[in-house]
Amino acid sequence: MTRHRSLRSRLAGIPARQLLLLLDFDGTLAPIVLRPDRATLPAPVRAVLHRLVRLIPVVVVSGRALGDLRRRVNVPGIRYIASHGLAFKEPRSPVRWLGRRVPRREVLRWVRALRSSAAGIHGALVEDKGWSVALHDRSVHHADRAILRRRVLRALKPWLTNGQAALVRGKRVLEIRPADSWNKGTAVAAVLARPWARNRIPVYLGDDRTDRDAFRTVRGRGLAVRVGGRRGIWDEDAWLASPAAVVSVLTWLTTRREAT
Ligand SMILES: [Mg+2]
């Protein structure tokens, strides 16, 4: 596919029976908010997802834990990749684990290490995600972010140096999880190998650096669409300015597919 054609004309060129949409949640479907626990799916986005999922398979992809993500999306028929690619859930099927999990007692040690790093730093938020732990610093004063980061690296050093755990950086979030285990790209590859997806053309929309792994997976087979940030620096196939531009494209696509 050539790069200069618009996203809409390229989407129009993919037959409905071949299209597969993979949509990141925060910053792609839902606007980024100061506190991640306050993020909600805007009503027009939920309405268009309800229509779209009747026409083509839709996978919502997120670093959020599965239960959290499903509650926030709440559209029947949607498939989910959660926890940055660890969990995959299809309607009426049990969860499929796509990566190696560590025992809960180990994750709880990470929780304690991050909580003590964050102690006394206003706005720092430690989130126990079950199989990984996130530290959000969007509400932390700029001057305190470097201090927090130094403390985190010191507290997590035992796990980072023995190779058991890895730190993954997203938008104003640091996440600790098992090393060499999974990411959005490995999860998308696993989903694309499923019988229903095998012959489909994946179109992936994402805004975060963690989405770049998925961009690499779909490259050459489908389309990688970056949302927000600076246009053109991620080697994306297409770029959309914001979640508002995403819902506009999804609405256009849905209306067009419903008419045929
Ligand atoms: Mg995102």
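Nothing fancy with the numbering, it's 1 onward along the sequence. Given the structure is predicted, the values throughout are model-derived calculations rather than measurements. When a ligand or atom number is given, it counts from 1 through the structure's own listing order.
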message: Under 2.8 Å from the Mg ion (ligand 1) - does any N, O or S atom of D211 fall there?
response: no

Presence of N, O or S from D207 under 2.8 Å of the Mg ion (ligand 1): yes

Aromatic ring pairing F88/W196, orientation class (parallel under 30°, perpendicular over 60°, tilted between):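 Ring orientation, 0 to 90° scale: parallel.
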
field: Any side-chain donor near an acceptor of the partner, S248 and R8, under 3.5 Å
entry: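 Distance-only check passes for S248 and R8.
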
query: Just by distance, with hydrogens left out, do R154 and S117 show a side-chain donor and acceptor under 3.5 Å apart?
result: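 No, no side-chain donor-acceptor pair sits under 3.5 Å.
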
message: Looking only at N, O or S atoms in D26, which is nearest to the Mg ion (ligand 1)?
response: O

message: Could you identify the N, O or S atom of D24 positioned closest to the Mg ion (ligand 1)?
response: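 This turns out to be OD2.
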
- prompt: Step by step, would you call V107 with K129 a side-chain contact (heavy atoms from CB on, under 4.5 Å)?
  reply: CA-CA 9 Å; V107 177; K129 296 170 69 171; over 6 Å; no

